[in-house]
Structure formats: structure tokens, C-alpha cells
Amino acid sequence: MSDPTPVIDDLREESEELDRLVAGLEPERWALSTPAAGWTVAHQIGHLAWTDHYALTAVTDPDGFRALVEQALAAPYTYVDDGAEEYARAEPAALLARWREGRAALEKALREAPDGARFPWFGPPMSAASVATARLMETWAHAQDVADTLGVTRAPTARLRHIAWLGVRTRDFAYGVHGLTPPADPFRVELTAPDGDDVWAYGPEDAPQRVTGPALDFCLLVTQRAHRADLDLIADGPDADRWLDIAQAFAGPPGGGREPKGNEPKGNEPKGNEPEGDGAR
């Protein structure tokens with residue numbers, strides 16, 4: 001049984017890093033447009049607060065969560081945007097307080113969850129570790145949008161290992177949402193950790209199809225925060241090459257991703273709910 005404590009600790013650190021980015025912003029900067037079409041900084045934080053609310057409800061009130069799912073299913077293509085919009089209407093100080101309160105309550109609930117507990121979600125039920133992993137992926141991805149908007153370069157950390165693992169785990173899902181049959185055999189994925197020394201490896205060492213490159217670039221790819229053309233990832237084998245064009249660590253319809261640097265955005269950003277967690281717009 002996986003101990004959720006390390007990933008819950010990392011989720012807290014990831015959230016605090018983003019908190020430091022936005023805590024001192026002047027109110028008008030919360031209205032800055034981010035790389036996600038139609039979303040401001042306030043929408044990014046509002047979305048995180050909104051999805052934290054969904055996750056907390058799933059952990060503490062399964063029946064209440066099922067009622068929320070019914071609401072979401074009534075508007076499957078707009079409920080993510082609608083939730084972000086609702087929360088973003090608040091004054092920045094109130095929105096920041098709401099996000100802080102919600103994520104603290106979720107952390108407490110995850111730490112107190114019984115061993116082996118499974119919680120309902122939009123896909124299969126999740127463990128506390130899976131909930132925390134999905135929230136970390138979501139938080140990191142939206143923090144990237146905020147950092148890009150503010151012109152801040154974030155130093156990658158070892159916390160990326162959770163997102164890398166999720167990106168590998170969702171390989172077959174990415175094929176499926178594009179109407180493609182997943183390859184029968186696993187790939188070998190070797191990612192250089194942020195410290196430049198360690199390698200995070202997944203899959204059989206002798207797998208004929210491989211993906212290699214920096215862990216940061218892989219995480220940017222699977223969260224669709226950067227175009228493949230701007231990343232230093234290498235695919236060996238036609239199926240692995242195809243995967244890098246469609247990879248996404250979040251559920252919903254195929255994400256539109258981001259245009260290569262220097263091109264205008266498509267205005268078709270990924271939406272939906274990560275297979276074991278939350279949406280990444």
C-alpha cells in the first residue's frame with residue numbers, strides 16, 4: 001500500500017510556491033490574460049480553488065460529490081470554464097483566502113483518510129495518494145501559466161517525478177481519446193531529473209520504443225503547457241513518436257495544446273478532468 005504522505009507534502013510545497021507568486025500581486029495584475037485562452041490569473045487560481053472543492057467533497061462527502069458530478073454532466077463542455085469564471089469574480093484577496101482555506105482542508109482530509117480508502121471521482125475511484133498526485137499535477141500546470149504571464153522562470157524540482165509518473169501512466173488514455181488503439185507493448189521512458197544527475201526510468205529496459213529527454217520538458221508536454229517543437233524530447237519508434245504528439249495527463253476531449261513559440265494560439269486549450277484527478281485547461 002502506497003504511503004500518501006510524501007506526495008501530500010509535495011502538493012503542499014507546490015501550492016505554496018504558486019501562492020508566493022500571486023500573494024503580492026496588485027489587484028489589476030490578477031486580471032492579466034494567461035496563455036490559456038480566455039483565462040486571467042484570477043481564473044487560474046479560481047479553477048484550482050474550484051477543483052479543490054470538488055476533491056474535498058469526494059474525500060469527505062461521497063454522496064455530495066455524486067450530486068456535483070450530476071451538475072457537471074449536465075454541461076460537460078463548459079463546467080470547467082463555468083467554475084473558474086464563478087470563482088474568478090471574487091475580489092483577489094477573497095479568492096486567495098478561499099483557495100488557501102480549501103487546499104488546507106483538502107490536505108487535512110487526505111492526511112486523515114483511512115488506510116486503503118478509495119474516493120469517488122469522474123473516472124475510477126482514487127486513493128489518497130492518487131488524489132494528491134492529481135492535485136499536484138493540476139497545481140503545477142496552472143502555476144506554469146501564471147509564471148509565464150508574470151515573466152517568472154521557475155526552477156524545476158524533484159516534485160516533477162509525480163507528474164512524470166502520471167504522464168507515463170496515462171499513455172493509453174491519450175491514444176484512446178484520439179480514437180487510436182494503444183500499442184500492445186509498453187515504452188521505455190528515461191527522463192533526466194532536475195538535478196541533472198538522476199534518471200527517472202519507466203518501462204522495460206529492452207523495450208524497442210523509447211522516449212528520452214529532460215523531465216521538465218516531459219511534464220510540460222503531458223500537461224500541454226508547451227508545444228513539442230519547443231521541447232528537447234526524443235522518440236525512438238513510430239508509436240512513441242505518435243504519443244509525443246497526443247500525450248495528455250488529463251481527461252476530457254483531446255487537448256488543443258499550445259502553439260510553437262512565435263505562433264498565435266489556437267484558442268483550443270485542453271479542458272476536462274484528469275483520469276485520476278483534475279482538469280488541466
Quick one: closest heavy-atom pair of [X] and [Y], and the distance?
X: Trp200; Y: Ala158; answer: CH2-O, 3.8 Å
X: Ala249; Y: Leu166; answer: O-CD2, 4.3 Å
X: Leu160; Y: Leu216; answer: CD1-CA, 3.8 Å
X: Ala164; Y: Tyr202; answer: CB-OH, 3.6 Å
X: Thr57; Y: Gly64; answer: CG2-C, 3.7 Å
X: Arg258; Y: Pro35; answer: NH1-CB, 3.5 Å

With a 4.5 Å cut-off on side-chain heavy atoms, are [Y] and [X] touching?
X: Val7; Y: Trp165; result: no
X: Arg242; Y: Leu180; result: yes
X: Leu150; Y: Leu32; result: yes
X: Glu107; Y: Leu110; result: no
X: Leu18; Y: Ile45; result: yes
X: His47; Y: Trp39; result: yes
X: Thr223; Y: Met137; result: yes
X: Pro204; Y: Pro186; result: yes

Under 3.5 Å, is there a donor on one side chain and an acceptor on the other for His227 and Glu259?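 No, no side-chain donor-acceptor pair sits under 3.5 Å.
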- [ ] Taking atom types as modelled, find out whether Gln44 and Thr34 have a side-chain donor-acceptor pair closer than 3.5 angstrom.
- [x]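 Yes, because at least one side-chain N or O of Gln44 sits under 3.5 Å from a partner of the opposite role on Thr34.
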Are the charged groups of [X] and [Y] less than 4.0 angstrom apart, N to O?
X: Arg66; Y: Asp63; result: yes
X: Arg228; Y: Asp241; result: yes
X: Asp9; Y: Arg111; result: yes

Are the side chain of [X] and the backbone N or O of [Y] linked by a donor-acceptor pair below 3.5 Å?
X: Thr170; Y: Phe173; value: no
X: Arg29; Y: Glu26; value: no
X: His43; Y: Thr40; value: yes
X: Arg210; Y: Glu205; value: yes
X: Gln224; Y: Ala247; value: yes
X: Asp217; Y: Asp232; value: yes
X: His53; Y: Ala49; value: no

[X] atom [atom1]: more than 12 heavy-atom contacts under 6.0 Å:
X: Glu28; atom1: CD; result: yes
X: Arg12; atom1: CZ; result: no
X: Glu101; atom1: CD; result: no

### Message
Before we go on, tell me: are the rings of Tyr54 and Trp121 under 6.0 Å apart, centre to centre?
### Response
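That pair fails the under 6.0 Å test.
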- Query: Between Trp140 and His162, does the ring centroid distance fall short of 6.0 Å?
  - Reply: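 Aromatic pair excluded; centres sit 6.0 Å or further apart.
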- Query: Transitively linked via ILVMFWY side-chain contacts under 4.5 Å: Phe65 with Leu73?
  - Reply: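 Both belong to a single hydrophobic cluster.
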Check: Do Phe218 and Ile234 share a hydrophobic cluster, counting only Ile, Leu, Val, Met, Phe, Trp and Tyr and linking them when any side-chain heavy atoms are less than 4.5 Å apart?
Finding: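 No; tracing contacts between hydrophobic side chains, which count when under 4.5 Å, never links both residues.
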**Asked** Which residue, Arg154, Arg20, Arg135, forms the salt bridge (charged side-chain N to carboxylate O under 4.0 Å, His left out) with Glu14?
**Response**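 Testing each of Arg154, Arg20, Arg135 against Glu14, the sole residue satisfying salt bridge (charged side-chain N to carboxylate O under 4.0 Å, His left out) is Arg154.
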How long is the gap from [atom1] on [X] to [atom2] on [Y], to the nearest 0.5 Å?
X: Arg100; Y: Asp52; atom1: CZ; atom2: CG; answer: 13.5 Å
X: Arg103; Y: Arg98; atom1: CZ; atom2: CZ; answer: 14.5 Å
X: Glu91; Y: Leu96; atom1: CD; atom2: CG; answer: 12.5 Å
X: Asp115; Y: Asp3; atom1: CG; atom2: CG; answer: 8.5 Å
X: Leu220; Y: Asp230; atom1: CG; atom2: CG; answer: 10.0 Å
X: Leu56; Y: Leu106; atom1: CG; atom2: CG; answer: 6.0 Å

Could you go step by step and tell me if Asp239 and Arg171 meet the salt bridge (Lys or Arg N to Asp or Glu O under 4.0 Å) rule? CA-CA 11 Å; Asp239 290 332; Arg171 185 201 72 167; over 6 Å; no
- request: Could you tell me how the ring of Phe187 sits relative to the ring of Tyr175: parallel (under 30°), tilted (30 to 60°) or perpendicular (over 60°)?
  value: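 Ring orientation, 0 to 90° scale: perpendicular.
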